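These notes concern the structure reproduced below.
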Amino acid sequence: MAKEYNFREIEKKWHRLWTERQTYKVIEDENRKKFYVLNMFPYPSGAGLHVGHPLGYIASDIYARYKRLQGFNVLNPMGYDAYGLPAEQYAIKTGQHPEKTTFANIDRYREQLDKIGFSFDWDREVRTCTPDYYHWTQWAFQKMFNSYFDEELQKAQPIEKLIEKFKAEGTWPSDEKAQSDLLMQYRLAFLGETMVNWCPQLGTVLANDEVVNGVSERGGYPVEQKKMRQWCLRVSAYSQRLLDGLDTIDWSESIKETQRNWIGRSEGAEIEIPYILPSSLGEGAGEGASFTIFTTRADTMFGVTFFVLAPESELVDKVTTPEQRTAVDEYIKYVKSRTERERMIDHTVTGVFSGAYGINPITGDKCPIYIAEYVLAGYGTGAIMAVPAHDSRDYAFAKHFNLPIIPLVEGADISTESYDAKEGIVMNSPISEDKSVKYDGESLCLNGLTIKEAIAETKRFVKAHNLGRVKVNYRLRDAIFSRQRYWGEPFPVYYKNGIPTMIPEECLPLKLPQVDKFLPTETGEPPLGNAQIWAWDEKTNSVVDCSAIDNKTVFPIELYTMPGFAGSSAYYLRYMDPHNDRALVSDKAASYWQNVDLYVGGSEHATGHLIYSRFWNKFLFDLGVSKKDEPFQKLINQGMIQGWSSFVYRLRNTNKFVSFDLLEEQYDDAKKKNFYYYQGTEADPVYADISMVSGNVLNVEKIREWTAEFRDAEFILNANGQYIVNQAIEKMSKSKYNVVNPDDICENYGADTLRLYEMFLGPIEQSKPWDVAGIDGCFRFLKKFWSLFWDKDGNLTADDSEATADNMKSLHKLIKKVSSDIEEFSYNTSISAFMVAVSELASQKCCSRQVLAQLPVLIAPFAPHIAEELWEALGNKGSVCDAQWPQYEEKYLVETSVKLGVQFNGKVRFAMDFPANATPDQMVQMATSAPEAQKHLEGMQIVKTIAIPGRIVNIVVKPQA
RNA sequence: GCCCAGAUGGUGGAAUUGGUAGACACGAGGGACUUAAAAUCCCUUGACCAUAGCGGUCGUACGGGUUCGAGUCCCGUUCCGGGCACCA
């Protein structure tokens with residue numbers, strides 16, 4: 001009997017042995033080079049692990065195992081991003097403590113992960129929601145609170161240095177409240193009164209990256225703008241460093257570009273605009289007052305015909321004249337009534353004249369100041385100069401309000417639209433000599449210059465005559481760092497007479513208190529307002545009952561909690577030294593592991609986690625805690641594995657479901673969506689769990705049992721008596737009922753097949769729908785691989801016979817291909833190479849130990865279980881993980897002859913063998929004298945020959961004259 | 001609107017970076033073994049023409065170009081995906 005590939009037994013055995021032998025335990029070892037591989041840790045959702053999760057884990061596990069075989073000391077940890085909204089919402093619904101459900105989910109994740117055979121060192125597991133972990137999240141927050149960003153040094157400094165500076169300048173106030181307020185403007189973690197994205201349904205604020213198209217990323221609820229006092233992180237201070245750092249790291253160009261867009265650096269100028277309020281106070285009133293505008297097109301100063309302020313700008317009140325007051329107030333009211341979403345979609349021109357005029361310092365012209373929502377308060381200075389000829393928004397505004405338009409670029413046609421391009425020759429700047437104001441005897445003239453030259457010249461002029469300054473603006477906003485939720489890190493802050501005060505560092509962690517309700521309080525306080533024991537006693541340095549608050553030594557503790565990205569921003573540092581209770585990470589561990597060499601995760605975190613993490617790390621680098629300015633040296637973005645969602649269609653206001661093929665389709669232009677009708681009634685899609693569907697046919701009996709919704713429903717079937725569902729490829733998610741978990745595959749094919757198949761599916765970076773159709777191919781391959789080692793009686797085939805040249809060639813070709821493929825993360829092609837090599841060796845009937853002994857090592861990164869089993873069967877001790885990755889030798893790959901295509905006029909006509917060392921002349925000689933060549937040469941004369949040894953022979957011919 | 005990435009058989013995807021397009025796998029068709037099924041093995045499989053056999057033409061979204069030679073480089077067009085978006 002041939003020996004069967006019993007994957008169930010093999011995998012069970014090795015899971016046991018790996019645990020017993022602590023095969024994957026990693027310790028710092030100064031004698032070995034380190035390599036740090038990291039996956040974005042998962043949020044343990046109630047749906048469990050689905051087939052998309054392991055994609056990145058397998059990819060990085062392969063790399064980690066490969067690096068280990070190459071002799072590196074590899075850190076490959078795993079943990080859980082355990083704070084989050086779903087657990088809290090589940091808690092609100094069921095009353096179960098989020099910790100309980102989170103830990104239960106973690107156990108399930110762990111069980112599923114263990115089945116797949118990862119080389120994680122589980123002794124280093126972290127969970128962001130445990131006090132020993134969030135201790136250091138709170139600690140970092142306190143450090144940020146006690147730091148400011150020194151613009152000159154471009155790094156964080158202790159706040160004490162700033163206090164010293166103020167004292168030296170004599171600007172340090174004596175009042176404690178004033179001191180606090182002053183420092184708040186500098187601290188890297190600060191309380192700010194800012195416009196926030198408020199989501200009423202979720203009852204919390206959201207960060208910019210958590211809002212997509214004006215609705216919340218989670219749940220899709222409307223988001224409105226609201227002014228609130230919030231904790232913020234001064235991420236914007238690091239804008240330039242975050243931008244510069246991108247050039248030093250090995251990330252995909254598209255994700256770097258996304259971050260560059262998000263940071264949004266633009267170079268321009270700030271220019272002071274004096275203004276007057278003539279109508280109410282007489283000509284010349286308000287003399288001396290001015291506001292500042294920001295522009296990247298300083299060259300267009302001569303084309304300014306009006307100014308615009310953002311409706312939220314503090315200047316609005318100052319420039320509004322009594323005559324215009326009613327109109328302005330009405331306009332502001334209108335703007336406030338519009339949601340963020342409406343403003344984003346609807347770009348109708350709106351605005352109102354303020355009554356005031358701004359003086360263009362270059363031309364001396366008096367231009368009206370408008371208030372309009374197309375100018376954003378949050379960017380630049382919230383005020384702009386409008387140049388309708390060369391800005392499409394200003395153009396639309398000018399046309400609407402009938403304002404003059406002055407063209408400034410030669411040949412630009414501005415009769416129907418503005419000319420926004422930064423190319424061309426400047427004219428009308430100035431229109432006539434008296435239209436350019438003289439400063440110290442100098443007046444600006446840009447006529448004849450290119451736009452780029454004109455920008456530079458204007459900047460110089462403005463700077464030289466103190467009309468403004470050159471300024472770089474960033475779109476990157478400070479991150480709002482507080483959430484009105486329960487299930488997050490509590491802030492280690494209490495309010496001493498209204499002044500935020502840090503709990504002493506040695507008292508950390510400040511543990512999340514128990515509450516009996518996870519909802520906001522009746523008075524609208526965040527959920528932590530429900531906590532009874534949530535006051536800080538300065539005398540005992542401990543948390544005490546709220547009733548003890550006396551505002552002398554006992555004070556209220558902050559009720560906000562930190563957002564999801566707090567715990568995920570520095571977790572890679574914690575893995576280096578996860579059990580340290582005196583520091584986030586010891587200097588020794590940080591110095592050894594440095595930063596992450598390979599980071600694997602989804603590109604959807606480009607403007608969230610991957611920015612926050614870089615910011616957080618740069619801050620810790622300034623502190624000397626992190627040893628590298630950038631946390632993640634190389635980044636691979638694994639694609640999403642999508643699921644096939646199935647929809648059934650319910651006729652509106654009925655309990656009837658209609659087979660999809662009976663529906664009529666219509667396109668709704670207004671909603672940009674397809675709608676379906678059945679006999680005039682609109683049908684609404686409802687998700688059906690994919691387990692109820694085979695192919696595109698619904699199992700009606702099964703769905704009746706699924707939920708009450710379907711139990712008594714009527715199903716209208718098609719002519720074949722079937723109910724057809726509509727299918728769509730979507731992100732795998734519990735709420736879409738399209739989740740496929742890896743457990744069944746492990747059960748039916750084994751983890752090695754799953755690992756191989758997920759990699760064989762295509763390039764890692766590509767998103768693709770999950771489809772099990774091809775899995776048999778990988779399973780067959782493993783069986784063939786296995787049977788290479790066993791004869792029909794179940795004995796090892798490996799013997800001491802010498803390997804043939806063919807054997808060695810097959811082997812070394814494989815080593816070469818697999819080594820380079822792993823380096824390039826091209827795992828699908830290396831699996832193909834394995835398939836080829838195995839069928840070659842099988843047909844060669846190779847049984848040389850010399851060759852066979854290498855194969856388990858080569859396959860170990862991909863299929864570790866089968867590799868271990870064969871490695872052991874071949875008589876080796878220990879684990880294949882400690883073997884050495886084989887080196888290929890060119891001498892086995894050298895070809896004595898090479899088969900090449902022979903081309904005539906660039907078209908391949910036949911193939912023939914050439915000696916590998918043939919010279920070009922010899923190759924041409926051989927090709928032209930070959931019998932197959934004769935018919936192509938007949939009646940032809942050779943014009944030219946091209947031969948490249950090892951590559952190609954091309955003979956250019958033309959008919960004989 | 002701006003920026004980035006892409007388009008290759010029925011399907012997933014290869015192609016030494018300018019040198020025999022379609023590796024490998026799935027699916028499909030045919031065959032062997034078997035009472036049968038499963039498993040396994042062998043053959044065919046881009047399209048069209050030809051076919052006893054040899055062979056030929058076209059073909060990498062579309063239209064041009066550079067080159068002895070283009071899936072690969074350049075210009076233009078279309079389509080799909082991603083990011084930013086009233087950012088001055």
Side-chain angles (χ1 to χ4, degrees), chain A residues 2 4 213 252-266 268-269 293-298 300 308 310 343-350 372-376 378-387 390-394 396-397 420 473-477 603-604 606-607 637 639 756-757 760-763 765-769 771-778 780-781 783-784 787 816-817 820 826 828-837 839 842 899-912 935 943-948 950-957:
Chain A
E4 201 195 335
N213 290 329
S252 77
E253 208 37 59
S254 69
I255 208 153
K256 284 191 196 177
E257 200 57 34
T258 301
Q259 291 211 342
R260 284 190 194 110
N261 283 341
W262 192 258
I263 295 166
R265 178 190 157 102
S266 62
I293 56 102
F294 175 75
T295 180
T296 56
R297 290 294 300 275
T300 57
V308 189
R343 256 175 96 162
M344 238 149 54
I345 295 167
D346 174 23
H347 287 182
T348 333
V349 178
T350 65
E373 59 177 337
Y374 85 88
V375 174
L376 306 175
Y379 185 74
T381 58
I384 62 153
M385 61 181 211
V387 185
H390 302 291
D391 182 284
S392 53
R393 296 152 303 180
D394 298 344
F397 196 85
D420 292 14
N473 256 325
Y474 300 91
R475 199 167 52 218
L476 186 65
R477 298 273 80 96
S603 57
E604 66 272 20
T607 55
N637 297 115
L756 236 43
Y757 183 58
F760 190 65
L761 230 40
E765 310 217 344
Q766 219 156 68
S767 289
K768 54 233 149 189
D771 181 8
V772 285
I775 200 160
D776 285 309
C778 289
R780 262 173 231 158
F781 159 71
K783 283 196 281 191
K784 283 182 205 166
S787 55
K816 185 178 181 179
K817 178 78 177 146
S820 66
S826 177
N828 55 336
T829 53
S830 50
I831 292 166
S832 295
F834 270 111
M835 290 174 173
V836 172
S839 74
K899 192 168 199 155
L900 293 180
V902 176
Q903 302 176 350
F904 283 88
N905 291 348
K907 260 201 161 65
V908 176
R909 292 298 164 176
F910 61 92
M912 65 179 284
K935 67 176 173 184
V943 180
K944 189 177 179 183
T945 61
I946 299 105
I948 303 164
R951 287 290 178 88
I952 202 75
V953 183
N954 188 17
I955 294 150
V956 185
V957 293

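Quick caveat: nothing in here was measured; it's all calculated off a predicted structure. All values below were derived from every heavy atom in this structure, side-chain atoms included, with hydrogens, water molecules and symmetry-related copies excluded. Chain naming here is simple, since letters A, B, ... match the order of the sequence lines and numbering starts at 1 in each.
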From [options], nucleotide with atom closest to [X] side chain:
X	options	answer
A/Phe760	B/rG13, B/rC84, B/rA25	B/rA25
A/Ser254	B/rC24, B/rG13, B/rC4	B/rC4
A/His347	B/rA25, B/rC68, B/rC86	B/rC86
A/Val908	B/rC4, B/rC24, B/rA21	B/rA21
A/Glu257	B/rC3, B/rA88, B/rC24	B/rC3
A/Arg780	B/rG69, B/rG27, B/rC86	B/rG27

**Message:** For the C1' atoms, the ones on B/rC75 and on B/rA23, what distance do you get once it is rounded to whole angstrom?
**Reply:** 32 Å
**Message:** If I pick the P atom on B/rG82 and the same atom on B/rG31, what distance separates them, to the nearest angstrom?
**Reply:** 46 Å
**Request:** Please work out whether the ring planes of A/Phe294 and A/Tyr379 are parallel, tilted or perpendicular, with thresholds of 30° and 60°.
**Result:** perpendicular
**Asked** When only distance counts, do a donor and an acceptor, one from the side chain of A/Gln903 and one from the base of B/rG19, lie under 3.5 Å apart?
**Response** yes
**Prompt:** Which part of the nucleic acid, if any, lies within reach of A/Ile948 when heavy atoms closer than 4.0 Å are counted: base, sugar-phosphate only, or nothing?
**Reply:** base
**Asked** Using a cut-off of 4.0 Å on non-hydrogen atoms, how would the nucleic acid contact of A/Leu761 be classed: base, sugar-phosphate, or nothing?
**Response** sugar-phosphate
